[in-house]
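In what follows, a structure is listed as structure tokens, so that the remarks can point back to it.
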Amino acid sequence: PVGPTGLPMTRKKQQLKTGIVKRHLKTMGINEKTNVRYRKCILDFFMYLQLYAISLPTTLQQLDEELSEFINHLWLDDRPHGNALDVISGLSRFFPPCRRHLEISRQYARNWERCIVRRRAFPFPSSLLLGMVGASLAFDRLDLAALLLTGFTGLLRTTELLTLTP
């Protein structure tokens, strides 16, 4: 596209004019928050390499070995399991040649997953809910009382409750 001066518009100006913001094709298939999360976990991996004076891997096998040690480091430091999954997914997304060469790292992540004991949260008893509704009404918070009753009746999650509109 040509601008008012007859010269070609830069991509930035074209995006401002049309309102369409284009992203790199590599990141088009994922949510922006996921993109940020992947990049943060990959950065954490490189910071780990730097902190422990480990040289950058030069082969895919070395990458897998160092990444698996990083995942073990996350496990021993009680970091979230999602960080291990995010660094594997991020490297696979942003550096596709390594996708099929992270066997040890994926195995470590699976082993970690097997160690996780999942516990379900107990649901609110209705007596507790009614007490919370009563307290909300006592503080003239009709919106909170309605939200609590709606969430309990509709079995809504917290994020679903927070996105409700009148």
Side-chain angles (χ1 to χ4, degrees), residues 1-3 5 7-124 144 147-148 150-152 154-165:
V2 178
T5 60
L7 297 172
M9 282 195 287
T10 63
R11 184 183 309 157
K12 193 92 159 165
K13 286 182 183 177
Q14 185 180 358
Q15 288 175 357
L16 288 172
K17 184 178 179 184
T18 62
I20 300 171
V21 178
K22 291 188 176 181
R23 295 186 352 205
H24 195 286
L25 290 173
K26 192 179 283 190
T27 62
M28 286 299 288
I30 59 174
N31 185 311
E32 185 59 32
K33 287 181 181 179
T34 305
N35 182 21
V36 169
R37 220 176 51 237
Y38 284 177
R39 290 179 185 279
K40 183 198 173 302
C41 288
I42 292 170
L43 181 64
D44 288 347
F45 171 59
F46 286 115
M47 295 296 288
Y48 160 84
L49 293 177
Q50 185 179 23
L51 179 68
Y52 291 100
I54 301 169
S55 59
L56 289 173
T58 56
T59 66
L60 293 173
Q61 182 179 356
Q62 286 177 346
L63 175 65
D64 189 26
E65 290 169 3
E66 296 304 337
L67 184 59
S68 61
E69 287 305 314
F70 175 66
I71 290 170
N72 187 53
H73 171 78
L74 294 175
W75 157 256
L76 294 173
D77 272 2
D78 290 328
R79 302 292 301 273
H81 179 247
N83 289 7
L85 299 176
D86 285 346
V87 72
I88 292 170
S89 297
L91 284 172
S92 297
R93 162 80 55 180
F94 301 129
F95 185 57
C98 77
R99 184 173 290 153
R100 306 241 189 273
H101 298 279
L102 300 177
E103 294 91 4
I104 300 169
S105 302
R106 291 183 199 282
Q107 183 62 52
Y108 279 25
R110 278 193 300 273
N111 290 347
W112 184 349
E113 180 135 15
R114 288 184 193 119
C115 295
I116 296 172
V117 177
R118 307 237 185 247
R119 281 178 250 143
R120 289 181 171 251
F122 289 106
F124 262 19
L144 181 58
L147 195 66
L148 289 167
T150 304
F152 188 81
L155 302 172
L156 301 178
R157 297 183 185 106
T158 306
T159 53
E160 295 168 335
L161 281 172
L162 294 174
T163 57
L164 287 177
T165 55

Test side-chain contact (heavy atoms from CB on, under 4.5 Å) applied to N83 and F45, step by step:
CA-CA 10 Å; N83 289 7; F45 171 59; over 6 Å; no

Chi angles and distances behind the side-chain contact (heavy atoms from CB on, under 4.5 Å) call for N72, W112
CA-CA 9 Å; N72 187 53; W112 184 349; over 6 Å; no

Inspect the surroundings of CD in E32 and state if more than 12 heavy atoms from other residues, nucleotides or ligands are less than 6.0 Å away.
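Result for CD/E32: enclosed.
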
Excluding sequence neighbours, so at least two apart, what forms side-chain contact (heavy atoms from CB on, under 4.5 Å) with T59?
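T59: side-chain contact (heavy atoms from CB on, under 4.5 Å) contacts with Q61, Q62.
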
So, for [X] and [Y], which heavy atoms are closest and what is the spacing to 0.1 Å?
X    : Y    : answer
W75  : C115 : CH2-CB, 3.8 Å
I88  : A109 : CD1-CB, 4.0 Å
L161 : G151 : CD2-CA, 3.4 Å

With R37 via salt bridge (Lys or Arg N to Asp or Glu O under 4.0 Å) - residues at least two apart
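With neighbours one apart ignored, the set is D86.
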
Using the test salt bridge (Lys or Arg N to Asp or Glu O under 4.0 Å), find all partners of R157 that sit at least two apart in sequence or belong to another chain.
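Salt bridge (Lys or Arg N to Asp or Glu O under 4.0 Å) check on R157 returns E160.
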
Given L67, V87, L60, I71, the one that forms side-chain contact (heavy atoms from CB on, under 4.5 Å) with L102:
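So, applying the side-chain contact (heavy atoms from CB on, under 4.5 Å) to L102 and each of L67, V87, L60, I71, only L67 qualifies.
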
Step by step, would you call E113 with R106 a salt bridge (charged side-chain N to carboxylate O under 4.0 Å, His left out)?
CA-CA 10 Å; E113 180 135 15; R106 291 183 199 282; over 6 Å; no

Does the D77 side chain pair with the main chain of R79, one donor and one acceptor, at a distance under 3.5 Å?
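No, D77 side chain to R79 backbone: no donor-acceptor pair under 3.5 Å.
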
Give a yes or no answer on whether the side chain of S105 reaches the backbone of D64 with a donor-acceptor pair at less than 3.5 Å.
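Yes; at least one donor-acceptor contact below 3.5 Å.
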
Below 30° counts as parallel, above 60° as perpendicular, anything between as tilted: where do the rings of Y48 and H73 land?
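Judged by the thresholds at 30° and 60°, the geometry between Y48 and H73 is tilted.
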
Could you tell me if the side chain of [Y] sits less than 4.5 Å from the side chain of [X], heavy atoms only?
X   : Y   : result
I30 : S89 : no
R39 : I42 : no
E66 : I54 : yes

Working for side-chain contact (heavy atoms from CB on, under 4.5 Å), residues F94 and N35:
CA-CA 10 Å; F94 301 129; N35 182 21; 3.1 Å; yes

Would you check if there is a donor-acceptor pair between the side chains of T34 and R93 at a distance under 3.5 Å?
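Side-chain D/A pair, R93 to T34: absent.
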
